[in-house]
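Worksheet: one structure, shown below.
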Amino acid sequence: MPFKAVIFDLDGTLLNTIDDIKDSMNLALEEHGFMTYDEQAYKLFVGNGMRVLTERVLADANATEEQTQAVFDRFMAHYGRLQKAKTRAYDGIPETLDALIKKGVRLAVLSNKAEANTRSVVAWYFPDVPFEMVLGQRDGVPAKPDPAMALEIAVRMRLSVEEILYVGDTGVDMRTAVSAGMFALGVLWGFRSEQELTQNGAKKIINRPAQILELV
């Protein structure tokens, strides 16, 4: 069955957001006297949402719940200000999105980033891309790898899961796709390794955005 739609992960798939995440969290950590981390560490911390990111950076700091909440609040404040400072679309992504649109493929974004931040950066970096749905983490809705949001997109698009190609850069994304019954396409230009993608169910792995076009 040909794919009629593509669901894209955001961070590490459409956009390289790691510097803005790193800078925002490190500012919050510094303000509260905690150790900061480099870019490579953040590539492993991210993927399960902003609250989990905060818990991971404080895992070795014996932080109290109050301290964790305070760092999280400051991180969110900083990220709201810095989320468009260094973030950029990956090379080849704008051209690939344009080609998919011309082919009549329907597009959506699914992220574990807070929904307000997800919508903000998608609107900023892809103002002319007609994403039918842009979903981020919301209260009361389980985050990826739970398939709930991916299945919500399928229902609202009135497509079967077999008609949807799911594109992401982490094991979380691959497990989401597999759990939802969608085709799991892993990408190597993001934050995680080929081994992680394969171990978590990627059906195919690519290293250039243009290769997505070969599947639709």
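Worth saying up front: this structure is predicted, and the values here are computed from it rather than measured. Only heavy atoms go into these numbers, but all of them, side chains included; no hydrogens, no water, no symmetry mates.
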Next item on the list: Nearest 0.5 Å please: distance from the CD atom of Q211 over to the CD atom of E214.
Entry: 5.5 Å
Check: For the atom pair CG (N200) and OG1 (T170), what is the distance rounded to the nearest 0.5 Å?
Finding: 8.0 Å
Notebook entry, point to check: Is any side-chain heavy atom of M76 closer than 4.5 Å to a side-chain heavy atom of M50?
Noted result: yes
Checklist line | Heavy atoms of other groups near D73 CG, more than 12 under 6.0 Å | finding: yes
Check: So do the side chains of R56 and N48 get within less than 4.5 Å of each other, counting heavy atoms only?
Finding: yes
Notebook entry, point to check: Does the side chain of E196 pick up a donor-acceptor pair with the side chain of S193 at under 3.5 Å?
Noted result: no
Notebook entry, point to check: Where does the angle between the aromatic ring planes of F45 and Y42 fall among parallel (under 30°), tilted (30 to 60°) and perpendicular (over 60°)?
Noted result: perpendicular
Note to self: Among D11, D20, N16, D19, exactly one meets side chain to side chain donor-acceptor pair (under 3.5 Å) together with T87. Which residue is that?
What the structure shows: D20
Item checked: Atom pair CD1 (I206) and CG (L215), whose distance is rounded to the nearest 0.5 Å -> 7.0 Å
Next item on the list: Tell me, yes or no, whether the heavy-atom count around E65 atom CD, taken from other residues, nucleotides or ligands under 6.0 Å, exceeds 12.
Entry: yes
Note to self: Please find the pair of heavy atoms, one from V105 and one from A5, that lie closest to each other, and give the distance.
What the structure shows: CG1-CA, 3.9 Å
Notebook entry, point to check: How long is the gap from OG1 on T54 to CZ on F75, to the nearest 0.5 Å?
Noted result: 6.0 Å
Check: Should we say atom CG of D38 is surrounded by more than 12 heavy atoms from elsewhere, each under 6.0 Å from it?
Finding: yes
Margin query: Let me confirm one number: the CD1-CG distance from I205 to D169, rounded to the nearest 0.5 Å.
Written below: 11.5 Å
Check: Are there more than 12 heavy atoms of other residues, nucleotides or ligands under 6.0 Å from atom CG of N62?
Finding: no
Notebook entry, point to check: Is the closest side-chain donor-acceptor distance between R175 and Q199 under 3.5 Å?
Noted result: no
Checklist line | Value rounded to 0.5 Å, distance of CZ in R192 from CG in L44 | finding: 5.5 Å
